[in-house]
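Please read these numbers as outputs of a predicted model, since none were measured by experiment. Indexing begins at 1, ligand by ligand and atom by atom, following the structure's order. Reckoned from all heavy atoms, side chains included, excluding hydrogens, waters and symmetry mates.
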Amino acid sequence: MEALKPVERHIHHIRSHQQKALALLLDPDKCTDSRQLKMTLDVAASCAVDFLFVGGSLLSSDQLENTLSSIRAASQLPIVLFPGSAQQVSAQADALLMLSLISGRNAELLIGQQVSAAPRIRACGLETLPTGYLLVDCGTPTTASYISQTMPIPNNKPEIAAVTVMAGEMLGLRLFYLDGGSGADVQVNPAMIEAVRKITDLPIIVGGGIRTYEDAQRAYAAGADVLVVGTAAEQNTDVLFDLSKAKKDSLLNA
Ligand code: 1GP
């Protein structure tokens, strides 16, 4: 097998050392104030955030390149694109989550957008992380569920997520992302994370509705390797201190 590239290797390194990671999600539509962005990135650095995820299910302004330049100028953290569509590809990033929405049955998001984006991704030389993406119904219809026109997995059905991940692993996907969607009412059910953890040793990313130390602690304890926070940090960057503490404490509790 080909040697792992830096971002995927970093995630595996964290996992193999029983550590956890925290990713801050930045939505380019909401990063138009460069002073605010710089302050957010400074907090991220002081909280030992591991990755910056950049993207959105729906980008209504053309701010991706500008946002990436501003992030590059103000932060050393690895930038991972979290694309909502084939347009969200840029050589300024370090890597891209090559998402396939395996919880849904929309061919366009299972493989269509990926085919459209592949030549550009290759031309940019971006590292790709083959990621099985699962949307979970966390209490409110989200932009991700609406735009993807897919039915999310019910949060009280861990077994559906588990067999979906099982199939994804058999297909060769190498990471899994359980997502309640941005601004979810509640976090992904820890029982679902646990069920997925039991059937795969591959890295698990979890996001959507994570707002507190306790939310993060529950998700890490259930087996999440990387937690993603967006909305709560947009509202108040202090949440990064709490989530970072949960990350450190999870190591002590391991
Ligand atoms: C959304 O997982 C991310 O795709 C983050 O969700 O904005 O609710 O933190 P929040």
Q: Look at atom 7 (O) of ligand 1 and say which protein heavy atom is nearest, naming residue and atom and giving the distance to 0.1 Å.
A: Thr231 OG1, 2.5 Å
Taking only distance into account, with no hydrogens and no angle test, what donor-acceptor pairs under 3.5 Å do side-chain atoms of residues 226-241 form with protein atoms, sequence neighbours excluded?
unit_1, atom_1, unit_2, atom_2, d
Thr231, OG1, Gly183, N, 3.3
Glu234, OE1, Lys30, NZ, 3.4
Asn236, OD1, Asp238, N, 2.9

(Q) Only heavy atoms of Leu25, strictly under 4.0 Å: list the atoms of ligand 1 that pass. (A) 1 (C), 3 (C), 5 (C)
Q.
Closer than 3.5 angstrom, by distance alone: can the side chain of Glu127 be matched with the main-chain N or O of Glu8 as a donor-acceptor pair?
A. yes
Q | Short side-chain to backbone donor-acceptor contact, Gln88 and Leu81, under 3.5 Å | A | no
Q) If you look only at pairs with a residue in residues 207-224, which of them pass as a salt bridge (Lys or Arg N to Asp or Glu O under 4.0 Å), with sequence neighbours excluded? A) Asp215-Arg218
Q) At a 4.0 Å threshold, what atoms of ligand 1 neighbour a non-hydrogen atom of Gly183? A) 7 (O), 8 (O), 10 (P)
Q.
Are Phe176 and Tyr133, when compared by the centres of their aromatic rings, separated by less than 6.0 Å?
A. no
Q: Could you list which atoms of ligand 1 come closer than 4.0 Å to a heavy atom of Phe82?
A: 4 (O)
Q: Under 4.0 Å, heavy atoms only, figure out whether ligand 1 is touched by the backbone of Tyr177, its side chain, both or neither.
A: side chain
(Q) Any nitrogen or oxygen of Val229, side chain or backbone, less than 3.5 Å from one on ligand 1? (A) no
Q | Gly208-ligand 1 polar pair, N/O distance under 3.5 Å | A | yes
Q) Counting each atom of ligand 1 from 1 as listed, which ones have a heavy atom of Gly209 under 4.0 Å away? A) 8 (O), 10 (P)
Q. Given that the side chain starts at C-beta and the backbone is N, CA, C, O, which of these parts of Asp179 lies under 4.0 Å from ligand 1, counting heavy atoms, or is it both or neither?
A. side chain
Q: Heavy-atom contacts with Gly207 under 4.0 Å: which atoms of ligand 1 show up? List them by number with element.
A: 2 (O)
Q. Considering only the protein, which heavy-atom contact is closest to atom 9 (O) of ligand 1, and what is its distance?
A. Gly230 N, 2.8 Å
Q.
Closer than 3.5 angstrom, by distance alone: can the side chain of Ser75 be matched with the main-chain N or O of Ile71 as a donor-acceptor pair?
A. no
(Q) Does any part of the side chain of Asp50, heavy atoms only, come nearer than 4.5 Å to the side chain of Lys247, both counted from C-beta? (A) yes
